Amino acid sequence: MSDTDTGNHAVRLEAVHKRFGDVEVLRGVDLTISRGSVACVIGPSGSGKSTLLRCINQLETIQRGRLWVGGELVGVRERQGRLYRLPPKLVARQRLRCGMVFQNFNLFAHMTALENVMEAPVGVKKVPKTEALALSRDLLGKVGLAKHADKYPSQLSGGQQQRVAIARALAMSPEIMLFDEPTSALDPELVGEVLEVMRALAADGMTMVVVTHEIGFARDVADTVHFMDEGVVVEEGPARSLLADPRHQRTKTFLSHLR
């Protein structure tokens with residue numbers, strides 16, 4: 001399949017395998033995410049969900065299969081039917097298509113919220129500091145933290161830190177946002193403020209792939225839900241219909257434990 005065949009898709013995986021030692025974490029994953037859509041990936045712990053995101057963002061290298069982001073084959077180039085790995089500099093350039101938000105914020109403790117958001121545009125994209133400053137203040141306002149720009153992570157709640165992390169990812173102007181259980185490290189009363197920011201991003205048309213156990217969010221916001229178990233996508237479909245009436249017993253069993 002050529003890059004042009006995948007041009008209408010934000011993300012496409014074809015028979016993707018990923019192994020860590022003797023453990024095969026992804027076992028031939030096929031997955032397609034449309035541009036401008038929100039896809040929620042659900043499933044039990046250890047099913048390969050986080051590894052899937054890390055492969056999309058090239059934080060992990062797949063061993064077999066092919067993966068396109070924004071219609072571009074990533075990590076490799078194909079010549080005369082053979083695949084050749086790209087040098088690290090080109091991989092890093094491709095990685096800029098995706099913004100990644102992790103479970104545990106990963107903010108720089110010695111930097112203020114504003115400095116955390118500014119760091120990558122200035123350091124990686126060489127955006128002038130005055131321009132990066134204006135962009136970062138705007139993004140902090142967008143996630144409801146304009147008044148907290150000069151605070152350090154230790155002065156912020158978990159929900160506020162995660163919102164800074166979202167602003168930091170957005171500062172690189174990604175085509176796609178990847179969220180790896182963004183609320184799992186938060187106290188229950190702080191979950192809503194993060195999900196509200198994500199809802200606003202979805203309403204703005206941002207393509208999002210969200211690994212989550214927040215079934216209410218998936219039902220209300222996602223266009224599609226993809227249920228993974230044991231390294232494969234067991235079932236996928238429109239969010240509301242799949243969550244209300246799953247076909248596969250494994251999906252039914254998983255959802256029954258969340259209700």
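In what follows, residues are counted from 1 in the order of the sequence shown. Just the heavy atoms: all of them, side chains too, but no hydrogens, waters or symmetry mates, feed the values below. Here the structure is a predicted model, which means the values were calculated and not measured.
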Extract all donor-acceptor atom pairs below 3.5 Å that involve side chains of residues 125-134 and protein atoms in other chains or at least two apart in sequence.
{"residue": "Lys125", "atom": "NZ", "partner": "Met172", "partner atom": "O", "Å": "3.4"}
{"residue": "Lys126", "atom": "NZ", "partner": "Gly123", "partner atom": "O", "Å": "3.0"}

For residues 79-90, tabulate all N or O donor-acceptor pairs below 3.5 Å that involve a side-chain atom, not counting sequence neighbours.
{"residue": "Arg85", "atom": "NH2", "partner": "Ile62", "partner atom": "O", "Å": "3.2"}

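For the pair Val69 and Arg12, the minimum side-chain heavy-atom distance is 4.5 Å or more. Side-chain contact between Leu243 and Leu255: present, with at least one pair of heavy atoms (C-beta onward) separated by less than 4.5 Å. Using a 4.5 Å heavy-atom threshold, the side chains of Phe105 and Leu186 count as touching. Looking only at side-chain heavy atoms (C-beta outward), Ile42 and Met228 stay at 4.5 Å or farther from each other.
The two residues Ala113 and Val164 have their closest heavy-atom pair at CB-CG2, 3.8 Å.
Distance alone, capped at 3.5 Å, is enough to place a donor-acceptor pair between the Arg163 side chain and the Val143 backbone. In this structure, the side chain of Asn116 engages the main chain of Met111 through a donor-acceptor pair within 3.5 Å. No donor-acceptor distance shorter than 3.5 angstrom exists from the side chain of Glu236 to the backbone of Thr224, with no hydrogens or angles considered. Without hydrogens or angle criteria, Glu235 side chain to Thr251 main chain gives no donor-acceptor distance under 3.5 Å.
Relative to the ring axis of Phe254, Lys252 does not place its NZ or CZ within 45° and under 6.0 Å from the centre.
Crowding of Arg64 atom CZ: a count of heavy atoms from other residues, nucleotides or ligands under 6.0 Å not exceeding 12.
The residues Arg168 and Glu119 are annotated as not salt-bridged, no charged nitrogen and carboxylate oxygen being separated by less than 4.0 angstrom.
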Working for salt bridge (charged side-chain N to carboxylate O under 4.0 Å, His left out), residues Lys142 and Asp204
CA-CA 12 Å; Lys142 189 172 184 177; Asp204 286 344; 3.6 Å; yes
